[in-house]
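Only one structure is covered here, and it is reproduced in the block below.
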Amino acid sequence: MEETELTMSLSKHADSAITDDVTTANSAAIDEAEQTGNPVRSGTAARPGNHSTSASNISAKTPNSLNGRDPHGTGISDTGRWSTKRIAIYALFVALSMVSSFISVPLMPGVPWLKYDPSGIVCLLAGFAYGPSAAVIVSVLGFLPHLLTNQWGFLVAVLVALALSVPASLVYRRIHTRKGAVISLVLGGLCALAMAIVTNLLITPIYAHMSVGQVVAMILPILLPFNLIKFTIHGVVTFLIYKPVSKLLHD
């Protein structure tokens, strides 16, 4: 009888210990669910005899950053959206845009004050390679040096560059083919052409001491042909060199 009572007592203690373990595990699971916002599924809480879930669950729920795959990291690897490599490439595009914005070539005889610069090509390449956010960054930062010398010119240049590169990059991101590239470049060129005309009508009279009527009179014979030639050059050059540049950037 004493042996039987001893056995029953040990069995009760063992059952009590298992029950405590189960309760603790279930409480931990509920706490984890409250913190993560994931509901506790029926049957997933710890049960007697089932002690193999903790290691696998912890491993499965480990943040990517702990496994070296943080999507917002700035490490040397280019796995993150803002990796060191990506930031360096953005800086390179901005520098190229700044330098090219100072290259000016007259396109039309009789209007030497209208000059072509290839900075729009750099903005398009950045947008094609890394999307509209890159297009915005390069279009704005690339013209910053001109803010110190010509504020109105800076404003016009930035607005036209944004109208050119952002719509083009948005379309190319959705239609990632040669046909999509042509469509995006044509659309970007038309948007930039419209922006150039509008900004000339609104801003040129302010700093050039011209009336709106004088600017309107220049649209068909001067402004429209000049900007058509300018954005055509941008589009053709971008279409020809984008693929080699893209392979170089992503290798």
Between [X] and [Y], which heavy-atom pair has the shortest distance, and what is it?
| X | Y | result |
| --- | --- | --- |
| Pro225 | Ile219 | CD-O, 3.8 Å |
| Arg173 | Pro132 | NH1-CD, 3.8 Å |
| Tyr172 | Tyr242 | OH-CE2, 3.3 Å |
| Gly180 | Val171 | O-CG1, 4.3 Å |
| Ala135 | Ser165 | CB-OG, 3.5 Å |
| His234 | Tyr116 | ND1-OH, 3.0 Å |

Is [Y] reachable from [X] through a run of hydrophobic residues whose side-chain heavy atoms are each under 4.5 Å from the next?
| X | Y | result |
| --- | --- | --- |
| Leu170 | Met195 | yes |
| Val212 | Ile222 | yes |
| Ile229 | Trp113 | yes |
| Ile206 | Met210 | yes |
| Ile233 | Met108 | yes |

Would you check, one step at a time, whether the test side chain to side chain contact (heavy atoms under 4.5 Å, CB included) holds for Val198 with Ile203? CA-CA 8 Å; Val198 170; Ile203 297 177; over 6 Å; no
Would you sort out whether Tyr90 and Ser133 count as a side chain to side chain contact (heavy atoms under 4.5 Å, CB included), showing the intermediate values? CA-CA 10 Å; Tyr90 280 22; Ser133 60; 4.0 Å; yes
Is there a side-chain contact between [X] and [Y] (heavy atoms, below 4.5 Å)?
| X | Y | answer |
| --- | --- | --- |
| Pro205 | Val215 | yes |
| Leu107 | Leu114 | no |
| Asn227 | Phe231 | yes |

Is it the case that the ring center of Phe128 lies less than 6.0 angstrom away from the ring center of Phe239?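 No: the rings miss the under 6.0 Å criterion.
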Testing Leu125, Val138, Leu249, Ile137 one by one against Tyr130 for a side-chain contact (heavy atoms from CB on, under 4.5 Å), which residue passes?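 Of all the options given, the one that passes is Leu249.
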Asn200 side chain vs Ala196 backbone, donor-acceptor pair below 3.5 Å: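 Flag set: sc Asn200 to bb Ala196 pair under 3.5 Å.
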Where the side chain of Thr238 meets the backbone of Gly235, is there a donor-acceptor pair that is under 3.5 Å apart? no
Could you give the distance from [atom1] ([X]) to [atom2] ([Y]), rounded to the nearest 0.5 Å?
| X | Y | atom1 | atom2 | value |
| --- | --- | --- | --- | --- |
| Leu159 | Ser139 | CG | OG | 10.5 Å |
| Phe226 | Met218 | CZ | CE | 12.0 Å |
| Ile183 | Ile175 | CD1 | CD1 | 4.5 Å |
| Lys85 | Ile89 | NZ | CD1 | 5.0 Å |
| Ile87 | Leu92 | CD1 | CG | 14.0 Å |
| Lys179 | Ser184 | NZ | OG | 12.5 Å |

Criterion side chain to side chain contact (heavy atoms under 4.5 Å, CB included) on Tyr207 and Gln151, from CA distance to verdict: CA-CA 10 Å; Tyr207 73 91; Gln151 292 81 10; over 6 Å; no
Testing the 3.5 Å rule here: is there a donor-acceptor pair between the side chains of Ser97 and Ser119?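 Checked: Ser97/Ser119 side chains show no N/O donor-acceptor pair below 3.5 Å.
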Quick one: do Ile121 and Ile241 satisfy side chain to side chain contact (heavy atoms under 4.5 Å, CB included)? Show the steps, please. CA-CA 10 Å; Ile121 298 172; Ile241 69 173; 4.3 Å; yes
